[in-house]
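Every chain is numbered from 1 and lettered A, B, ... according to where its sequence line falls, protein lines coming before strand lines.
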2 protein chains.
Amino acid sequence: MPSTTDAEPGREPRSGPRGRARRGLPEGSGLSSSGGRRAPSVTGRVFSILEAFDGDHRALSLTEIARAADLPVSTAHRLVGELAAWGALERGADGAYRVGLRLWEVGSLAPRSVGLRERAMPILEDLYEAVRQNVQLAVRDGHEVVYVERLAHPDAVRLFSRVGGRWPLHPTAVGQVLLAHAPAAVQESVLAERLPSFTPRTVTDPVALRRILAAVRRDGVAVCDGMIDLAALSVAAPVRGEDDSVIAALSVVVPSPSDGGSGGGGIEPRTLVPAVRAAARGISRALGAPTAARSDAVTRRGGTRP
Amino acid sequence: MPSTTDAEPGREPRSGPRGRARRGLPEGSGLSSSGGRRAPSVTGRVFSILEAFDGDHRALSLTEIARAADLPVSTAHRLVGELAAWGALERGADGAYRVGLRLWEVGSLAPRSVGLRERAMPILEDLYEAVRQNVQLAVRDGHEVVYVERLAHPDAVRLFSRVGGRWPLHPTAVGQVLLAHAPAAVQESVLAERLPSFTPRTVTDPVALRRILAAVRRDGVAVCDGMIDLAALSVAAPVRGEDDSVIAALSVVVPSPSDGGSGGGGIEPRTLVPAVRAAARGISRALGAPTAARSDAVTRRGGTRP
DNA sequence: TCCTTCGCTTCCGGTGAACGGAAGTCAGCC
DNA sequence: GGCTGACTTCCGTTCACCGGAAGCGAAGGA
C-alpha cells in the first residue's frame, strides 16, 4: 500500500517564530547541551538551513543562518558551502546568501504549483483582464493555504499574502473553499484547533465556521469580508481535478464595501460571483474535471475559435 | 573578500543524459566497486536525487530515482523518505514521488527568479496584452539562459522552452542579450566552446556570433530568427538592475515570416522592437536602474492614470 | 493455485563522513 | 593598537550513514 498521501498528519504547523530554537519546548532555559532532542540527520540540518529563509528574510549572512537553523557556525559553514556549490543558495557580492536559481528550478517542477499554474494561467489572465483587481490561485497543504499564483493590479487592494506564502484556512476565501472540500478528518482537526483572529470580523467559532463551510459547499463559492484585512473582500470558487476532487481554489480580492475608507469606486462583490465561478470551472475543465466538462456549452467563454 | 559570484565557473554543464551514471568518465566498464570516484556527501546524494527530476520526469518511482541518482535502492529509500517527510518530495496515490510544494515554496524566495518576476509582471502583462504572443523573461546562469516567466497565448507559436527550463545562450534572443552584456570572461569562455546547432539557421561560428553580440550591444535588441525552431522568431531587450548591469532579458516570440508554412497573419517583427525595448526599460525602471529612470517621460507607457 | 518477478521496505554491523571546539584571519570601529 | 564580530580553517573523535541481504506483497504467467 503506497498510502501516505491522504491521511496527512497536518505537517507540523510551520515551526515557531524564527530565531527561537527548534528543539522541543522544554523551557528549562539551560543550555541543554546534553538534554535537548534534535533531528540529527544531515538532511534535517540542510532543511533547517533552507527554513531559515522566508519572505522577510531573503538574504542572510552565515552567522544569521547558523543562528536561525540552530547550528554551530562551523557546521553551517560547511553545509552552506555545499548548498552554494550546487546552486541551492547563491552568495551575493555583499557576502549574504540568498536562495539560488537552481533550487527554484527544481521547485518549479512541483505539479501542485507550477503544473497547476501553467494550465490555469490563460484563464487567470482573462479573469484578471475582466476585473483588474487581485486574482489568486491557491492549494491546501495541511492546515494552511499556499498561494500558487497571483495577478495583482498596481491600483488594487494591497494584500498580505504572497506567492509561495502560507495562511491559515479559516479566514481566507480560498481557504474556506479548500477546507469545505477537504477530507472530513482534516476539517475536524482544523475545527478542533484554537483558530487565530486577525480582525474583529474573523470567524473563529467552530460552530459558525461549520455553518460557513456548509454554505460554501452548497453555493460553490466562498465570500470573505474583512477577515484578514478589513479593507479587503474576497470571493473564491473551487477548482477540480481529473477525479473531480477539489485540488485548488481561485479567488478575486476587491476593496471591501463595508470598509468605510478607501472602497469608493469599488465593485459590487455580488457581480464577481459568476465570473469567479466560471473561471474556476474553466480551469477545472482544462485539468480534465468531469463535471466541468459536462456543462461545456454554458461555461465556454468568448466566441468559439474557428 | 566574499568573492565567488562573478568569476562563476560555469557550473558543470548540466550533467549528461539521464540514467547515465554520474561518476567520472573513466569508462573502464568494470563494476568499479573499488575504483569509482563519487561525491560521497549526504548533501551531494540529496542533490542527485533532486536532479533526477526534470521537465520530462516529474513523477518517479523509488527505483527510478535510485537509478537516475546512481544510488543503491536502500540508500535512496532512506533519503527519499526524509525528503518526503519534510515536503521536498510528495508521494502520490500511485506511489510515485513528485517534487513537493514545500520545495517550491523555498524556491519561490529566489530573488533572481520570483523577486524579479514580481516586479516585472505588470509590465509583462501589458506587453502581452499588446502583442498576444509569447512573452518571456529570462536570466543567465553560467552558460545558459533560465526562463523565469512566460506568458503564452494559446494561439501563439508553440515554444520548446519552459518556465524553469534551460537553454544555451547563443541560439536564443534572450541568450544573446545576456551574453552580450556578460563579463568578458564568460563571453570568451562561451565563444571558445563548440556550440550546438539546432536548425540550419543556428549561428555557431564564433566570429559571426561575436559580430552579432556587438550589434546587440549597439542596438539594444537581439533578433533571432529560426535558430532553435524554424517557425519562431524572437526579439529581446536587456533589463538592468540598480547598478545598471544587465540582470535579465525580455523577449517576444512570434511566428517567423521566413518560415513558409504557418506564419500567415504574422506580425512584422520590426514593429515589435520598440514595444520590447520600452517594456524592458519599464522593468529596469521598476528595478531602480539609473539609465532607465532618466528618460522617464519618453518611456512612460499609456496615459497617466487619473 | 503455485511460482516468478519486480519494486519496496526493513535490518544491522562496520566505518568513514560529519561534527564542532578552538584557533586563525580579516575588517571595521573606538 | 586593541577590540569586536563575522567568517574560515584545522583536526581528533564518534556516531550517523551506508548498503548488502533478507523479507514482503502485488502483479502476472503457467
J.: For Arg117(A), is there an ion pair with Glu149(B) - N to carboxylate O distance below 4.0 angstrom?
T.: yes

J.: Provide, to the nearest angstrom, the distance between the CG atom belonging to Asp94(A) and the P atom belonging to dA6(D).
T.: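 Those two atoms, CG and P, are 15 Å apart.
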
J.: Between the protein and nucleotides 15-18 of chain D, list the N/O to N/O atom pairs that are separated by less than 3.5 angstrom.
T.:
from, atom 1, to, atom 2, distance (Å)
dC17(D), OP1, Val42(A), N, 2.7
dC18(D), OP1, Arg45(B), NE, 3.2
dC18(D), OP2, Arg78(B), NH1, 2.1
dC18(D), OP2, Arg78(B), NH2, 3.0

J.: How many whole angstroms separate atom CG of Leu71(B) from atom P of dG7(C)?
T.: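 Taking atom P of dG7(C) as the reference, CG of Leu71(B) is at 17 Å.
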
J.: Can you list the residues that meet the salt bridge (Lys or Arg N to Asp or Glu O under 4.0 Å) rule with Arg240(A), with sequence neighbours excluded?
T.: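 Residues passing salt bridge (Lys or Arg N to Asp or Glu O under 4.0 Å) with Arg240(A): none at all.
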
J.: Quick one: is dA6(D) close enough that its OP1 or OP2 comes under 4.0 Å of any side-chain N or O from Arg67(A)?
T.: no

J.: Looking at the base of dG7(C), is there any donor atom on it, or on the side chain of Ser61(B), that sits under 3.5 Å from an acceptor on the other one?
T.: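 Side chain to base: no pair below 3.5 Å.
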
J.: When you measure from the side chain of Ser74(B), which nucleotide among dT8(D), dG21(C), dA21(D) comes out closest?
T.: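 The closest nucleotide is dA21(D).
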
J.: Is Arg102(B) salt-bridged to Glu51(A), going by a charged N under 4.0 Å from an acidic O?
T.: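 A salt bridge links Arg102(B) with Glu51(A).
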
J.: Tell me, do Leu103(A) and Leu50(A) make a side-chain contact under 4.5 Å, heavy atoms counted?
T.: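 Of all side-chain heavy-atom pairs linking Leu50(A) with Leu103(A), at least one is under 4.5 Å.
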
J.: Are the side chain of Arg112(A) and the backbone of Glu90(B) linked by a donor-acceptor contact shorter than 3.5 Å?
T.: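 Not confirmed, Arg112(A) side chain does not pair with Glu90(B) backbone.
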
J.: Round to a whole Å and report the spacing from NE2 of His77(B) to P of dC11(C).
T.: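 Nearest whole value for this atom pair: 11 Å.
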
J.: For Glu82(A), what residues pass the salt bridge (Lys or Arg N to Asp or Glu O under 4.0 Å) criterion, not counting sequence neighbours?
T.: none

J.: Rounded to whole Å, how long is the line connecting atom CG of Leu62(A) with atom P of dT25(C)?
T.: 19 Å

